Amino acid sequence: MMIVMKEGATDEQVDAVVKRVESVGCSAHLSRGELLTVIGAIGDRDRVAGLGLEGAPGVDHLVPILKPYKLASAQFRKGERTVIDVDGRRLGGESFALIAGPCTVEGREQTLEVARCVAENGAAMLRGGAYKPRTSPYSFQGLGVEGLRLLQEAKEETGLPIVTEVMDARDIPDVVEVADVIQIGARNMQNYPLLSEVGRTGIPVLLKRGLAATLDELLMAAEYVLKEGNPNVMLCERGIRTFETAYRFTLDLLAVPALKELTHLPIVVDPSHAAGRRDWVAPMSLAAAAAGADGIIVEVHNEPDEAICDGPQAIATERFAEYAEQLRHVVEVAGKEVSTV
Ligand code: PEP
Ligand code: MN
């Protein structure tokens with residue numbers, strides 16, 4: 001149930017409603033918009049309905065939420081979009097952020113070269129995996145803590161916030177030392193204990209859609225993070241598995257407008273993992289921006305042919321400036337502004 005407070009409702013009135021919601025064993029999540037405060041009452045709907053809050057001081061009206069996800073639902077923010085601020089870079093609403101970097105951190109020179117290039121050419125954040133989810137257990141699994149250290153060095157030099165993946169809750173203490181955004185990979189989208197644990201860190205989360213997940217399942221996964229009191233979740237469309245084998249995954253760009261209707265959370269598109277080939281990454285990036293994506297996460301490498309992981313889909317550093325410039329035009333046509341600092 002959503003309890004929509006009146007414009008100008010006082011803090012005391014909001015607190016009183018929160019206490020009454022909690023008194024019947026439900027939890028109350030606050031969303032303070034510019035004009036309105038909405039209280040999401042999570043728990044047994046009948047018990048909240050039984051409180052008779054319609055007549056309580058400061059309450060405007062109650063809205064039953066029919067979707068299984070509540071905190072992620074568009075209704076929860078009464079049409080306002082969530083804008084995530086990562087060290088001054090904004091993603092969501094009117095703001096678009098480009099996240100770029102290597103698939104995986106391979107070494108010092110590679111990481112710093114790519115970081116410098118993307119920083120100079122308009123990226124808002126640096127991506128790079130220190131822990132890699134690989135299909136084969138015999139493939140390179142990431143540099144781990146050493147990879148995190150290199151990301152930290154890249155952050156110190158370029159000022160770019162870091163987006164990096166965590167796969168195992170045991171690594172969270174190390175990852176939070178460096179990550180400004182924690183990535184949950186497609187394969188872990190339904191790892192519920194991991195989602196809850198990452199939610200408790202309070203650090204923004206980039207949640208990738210599972211290979212065969214519906215939008216409802218993606219939103220339910222986001223709900224696990226939000227439920228822990230972490231409101232900063234960005235959803236990421238990265239391609240789903242279909243019968244088509246001509247490319248790595250099918251980039252489901254309809255997810256962008258569809259999710260915008262269902263949720264207030266910002267939507268990021270990853271064209272790299274869907275395309276699997278660098279010459280298809282630029283056109284799909286432009287299409288994603290045109291569709292209204294709030295951000296793009298793209299793989300870039302200084303020596304793509306030598307890359308340990310996902311080289312064929314990495315944009316070469318020499319081409320990145322041109323790529324970012326083209327993208328900026330489409331972002332502007334879509335009515336957003338590119339966020340950099
Ligand atoms: C990645 O971003 O490098 C990655 C492994 O992505 P996904 O989880 O979408 O496959
Ligand atoms: Mn990759």
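None of these values were measured; they are calculated from a predicted model. Atoms within a ligand are numbered from 1 in the order they appear, just like the ligands themselves.
- Gln152 and Glu156 form a side-chain donor-acceptor contact under 3.5 Å, judged by distance and modelled atom types alone.
- Below 4.0 Å from some heavy atom of Gly185 lie the following atoms of ligand 1, by number and element: 8 (O).
- Here the closest heavy-atom approach between residue Ala119 and residue Leu160 is recorded as CB-CD1, 3.7 Å.
- Checking Arg248, Met189, His273 against atom 1 (C) of ligand 1, the nearest heavy atom belongs to His273.
- Nearest to atom 8 (O) of ligand 1 among the protein's heavy atoms is Ala186 N, 2.8 Å.
- Remark: Asp294 engages Lys336 in a salt bridge, criterion side-chain N to carboxylate O under 4.0 Å.
- Taking backbone and side chain together, Cys309 holds no N, O or S atom under 2.8 Å from the Mn ion (ligand 2).
- The residues Arg209 and Asp252 are annotated as salt-bridged, a charged nitrogen and a carboxylate oxygen being separated by less than 4.0 angstrom.
- Classification of Asp310 and Lys132 as a salt-bridged pair fails, no side-chain N sitting under 4.0 Å from a carboxylate O.
- At a threshold of 4.0 Å, the pair Arg328-Glu325 counts as salt-bridged, since one of the basic side-chain nitrogens sits closer than that to a carboxylate oxygen.
- In Pro133, the part holding a heavy atom less than 4.0 Å from any atom of ligand 1 is the side chain.
- Within the listing of ligand 1, atoms 7 (P), 8 (O), 10 (O) sit less than 4.0 angstrom from a heavy atom of Arg187.
- Ligand-side atoms of ligand 1 in range of Lys132: 1 (C), 3 (O), 5 (C), range being under 4.0 angstrom from any heavy atom.
- Its N, O or S atom nearest to the Mn ion (ligand 2) is what matters here, and for Asp310 that atom is OD2.
- Between Asp270 and ligand 1, no pair of N/O atoms sits closer than 3.5 Å.
- The N/O atoms of Glu165, backbone and side chain alike, include none that comes under 3.5 Å of an N/O atom in ligand 1.
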*Checking side chain to side chain contact (heavy atoms under 4.5 Å, CB included) for the pair Tyr131/Asp168: CA distance, chi angles, key distance, verdict?*
CA-CA 9 Å; Tyr131 300 93; Asp168 185 328; over 6 Å; no
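- Comment: Asp11 engages Arg32 in a salt bridge, judged by a side-chain N to carboxylate O separation of less than 4.0 angstrom.
- The nearest protein atom to atom 6 (O) of ligand 1, hydrogens excluded, is given as Lys208 NZ, 2.9 Å; this is a heavy-atom distance.
- Electrostatic pairing of Asp180 and Lys155 counts as a salt bridge here, judged by a charged N lying under 4.0 Å from a carboxylate O.
- Between Glu120 and Arg116 there is no salt bridge, since no side-chain N of the basic residue sits under 4.0 Å from a carboxylate O of the acidic one.
- At least one heavy atom of Glu299 sits closer than 4.0 Å to an atom of ligand 1.
- Nearest to the Mn ion (ligand 2), among the N, O or S atoms that Glu299 has, is OE2.
- The angle Cys103:SG - the Mn ion (ligand 2) - His273:NE2 amounts to 170°, with values rounded to 10 degrees.
- Atom 9 (O) of ligand 1 has Arg238 NE, 2.6 Å as its closest protein atom, hydrogens excluded (heavy atom only).
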